[in-house]
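Scroll down for the structure; my scribbles are underneath it.
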Number of protein chains: 2
Amino acid sequence: MSETANRIIEVMTELIQSRGYSAVSYQDISEAVGIRKASIHYHYPSKADLGVAVIRAYAASLMEQLREVEEDANSTAQDKLNAYFEPYLGFKGNDRHVCLCGALAGEYFALPEVMQVEVTAFFAAHQKWLADLFAASQESGELRMSGSPVQVARLFFDALQGALLARRAVDDDSQIDDVVATLKALVF
Amino acid sequence: MSETANRIIEVMTELIQSRGYSAVSYQDISEAVGIRKASIHYHYPSKADLGVAVIRAYAASLMEQLREVEEDANSTAQDKLNAYFEPYLGFKGNDRHVCLCGALAGEYFALPEVMQVEVTAFFAAHQKWLADLFAASQESGELRMSGSPVQVARLFFDALQGALLARRAVDDDSQIDDVVATLKALVF
DNA sequence: GTCTATACAAAGATAGAC
DNA sequence: GTCTATCTTTGTATAGAC
C-alpha cells in the first residue's frame, strides 16, 4: 500500500471518528491530505471502497494490539481484560473521538451495504473476544462472574461504546474512567 | 403546533434514528410526509431548527414517560428503574432504531452547534436522573450499590446506549435483554 | 500518480403565485 | 400553508493531459 493510500486511510479514519461517514466529503479528505479530489479516486475508486478499507484497517489495528497479551502464556485473565481496556482509555484527550464503528453504527442505514457488513463483523468479533475470555476465566475461576460469559461480554462492550459517546457529549474524560473502574470492580 | 409540523417532527425523528442527521435530506422528509420541500421550510426555516425541535420533543417525551412513576409516592426504587428500562426494551422490533441522541452523538461534530447543545443536555439529564435515583436508594438501602451513584448511573446509561448500537449492528434483540438483565442483577 | 477540467445529481434554501 | 420555479453550493465521480 502506497504512502498516499495510507495517509488517506488515516485522515478518513479521524474524520469519521469526529463527524461520521455521511458528513465527510472528498473535499474534506483532499484538504487534510494535501492532494486533489480526483487523486483520492485513484487510490479508492468510490467512497464505499474507502469506507471498507478504513474499517478493516481499524479493526486489524485493534486486534493487533491484543496479540501480545493473547500470545503470552503467562498473561492472566486480568492482564487480558486490562489490555482490552487500553484503547478505550487511549481515547481520552482533546479530540473527543469515538470508536470508528460506534460512530458508523449510529448511521448504519445510511451506509453502503459493503460497509454495514464490516461494522457488523466488528461488533461480533469484539463481543466474541470478550465472551471467550470470560468463558475461559469462568472455568479457571480467575474472574468473578455474575451472568453468562456472553451476557457479561455484552455488558462490557456496550458500556465501553456508550462511554465514548457520553464523554464526547458531556466533554468529560472521567466518563471513561468511571465505566472502566466500575466494570473492573464487577469481575476483579 | 400544527398537524403538519408534528408530522415533520415524527418523520425526521424516525429518519435520524435510522440513518443519522447528516444523511437525511429535505427530499427524504418531503416524500415521507407527502408535502413539497419548500413547505418544510415554512414550518422549520432551517435544518438546524428542525433538528433542535426534534431533540427537544424526543427528550420531553422520554421524561414524560417517567413522570408517572416519579410522582407516585408508593413507587419503589425498583419500580423507577424498571420504568427507566421500558423505552429501551421498546426499541426491540424490526426497524432497528437507536436512541435519537445516541445516533446524534456519533456524528456530534457534524452537527450545528445549537444541536450539539441539545445532545449534551440530553446525556447530562439522563445520567443525572439515574444518579439521583441511585443516590436516594443508597440512603434507603433499596438497591445494592457497588460504586458511587454517579458511577453506577454512568455504567447503566452507557450500557443501554451501547446495547442499542450493538443490537442494530448484529441484528439481535437479545442484546438489549441481556444488558438489562445483567444490569438488574447488579442492583436488585 | 497527480493534476485540471468537467459532468451530473443532490443538497439546503428563497421568491412569489395561489 | 402549500405550491412551482429557481438559485447557489456542494456532492461523488470520470476523462484525459502531464
Side-chain angles (χ1 to χ4, degrees), chain A residues 1-55 57 103-104 106-116 118, chain B residues 1-16 18-55 57 103-104 106-116 118-119:
Chain A
M1 181 146 69
S2 79
E3 193 47 53
T4 303
N6 239 317
R7 275 292 296 148
I8 293 171
I9 293 279
E10 283 176 15
V11 161
M12 184 59 162
T13 302
E14 293 231 322
L15 287 171
I16 293 175
Q17 289 185 280
S18 173
R19 313 181 200 165
Y21 174 81
S22 305
V24 176
S25 71
Y26 275 73
Q27 188 62 40
D28 298 324
I29 307 166
S30 159
E31 284 166 13
V33 176
I35 56 174
R36 294 294 183 170
K37 285 192 290 176
S39 305
I40 303 167
H41 287 283
Y42 170 79
H43 297 280
Y44 304 97
S46 75
K47 197 182 172 186
D49 293 324
L50 174 55
V52 167
V54 162
I55 303 173
L104 294 174
E107 52 183 340
Y108 194 80
F109 293 111
L111 302 179
E113 275 183 35
V114 284
M115 288 182 65
Q116 292 180 2
E118 300 293 331
Chain B
M1 182 145 72
S2 80
E3 193 47 52
T4 303
N6 239 316
R7 275 292 296 148
I8 294 171
I9 294 280
E10 283 176 15
V11 162
M12 184 60 163
T13 303
E14 293 231 323
L15 287 171
I16 294 174
S18 173
R19 314 183 200 164
Y21 174 81
S22 304
V24 176
S25 71
Y26 275 73
Q27 188 62 41
D28 298 325
I29 307 166
S30 160
E31 284 165 13
V33 176
I35 56 174
R36 294 295 181 165
K37 283 194 293 175
S39 305
I40 302 168
H41 286 283
Y42 170 79
H43 296 282
Y44 304 97
S46 75
K47 196 182 173 187
D49 293 324
L50 174 54
V52 168
V54 161
I55 304 173
L104 293 174
E107 53 183 340
Y108 193 81
F109 293 112
L111 303 179
E113 275 184 35
V114 284
M115 288 182 65
Q116 293 181 0
E118 301 292 330
V119 172

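Since this is a predicted model, take the numbers as computed values, not measurements. By convention in this document, chain letters (A, B, ...) are assigned in the order of the sequence lines, proteins followed by strands, and residues within each chain are numbered from 1.
B:Tyr21 approaches B:Ala48 most closely through the heavy-atom pair OH-N, 3.4 Å. The two residues B:Gly20 and B:Val24 come nearest to each other via the heavy atoms O-CG2, 3.1 Å.
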Checklist line | B/S/- contact track for nucleotides 11-18 of chain D, protein heavy atom under 4.0 Å | finding: SBBBB---
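A distance of 11.0 Å separates CD in B:Glu107 from CG in A:Leu104, rounded to the nearest 0.5 Å. The CZ atom of A:Phe109 sits 12.5 Å away from the CG atom of B:Leu15 when rounded to the nearest 0.5 Å. Here the straight-line distance linking atom NE2 of B:His43 with atom CD1 of B:Ile29 works out to 12.0 Å at 0.5 Å rounding.
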Distance-only donor-acceptor pairs under 3.5 Å for side chains of residues 32-40 of chain B, two or more places apart:
none

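A straight line from CD1 of B:Ile29 to P of C:dA11 spans 10 Å, rounded to a whole angstrom. At whole-Å resolution of the value, CD1 in B:Ile40 and P in D:dT4 are 13 Å apart. B:Glu31 places its CD atom 13 Å from the P atom of D:dC3, with the value rounded to the nearest Å. One interatomic measurement links the two molecules: CZ of B:Arg36 to P of C:dG12, which rounds to 16 Å at whole-angstrom precision. Atom-to-atom, CG of B:Asp49 to P of C:dG12 comes out at 14 Å; the value is rounded to the nearest Å.
Side-chain atoms of A:Lys47 never come within 3.5 Å of backbone atoms of A:Pro112 as a donor-acceptor pair (strictly under, hydrogens ignored).
B:Ser39 has no side-chain polar atom (N or O) that falls below the 4.0 Å cut-off from OP1 or OP2 of D:dG1.
Heavy-atom distances under 4.0 Å link DNA chain C to A:Thr4 of residues 2-20 of chain A, given in residue order.
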Next item on the list: Any chance you could lay out the side chain to side chain contact (heavy atoms under 4.5 Å, CB included) test for B:Glu113 and B:Gln116, step after step, and finish with the verdict?
Entry: CA-CA 5 Å; B:Glu113 275 184 35; B:Gln116 293 181 0; 4.1 Å; yes
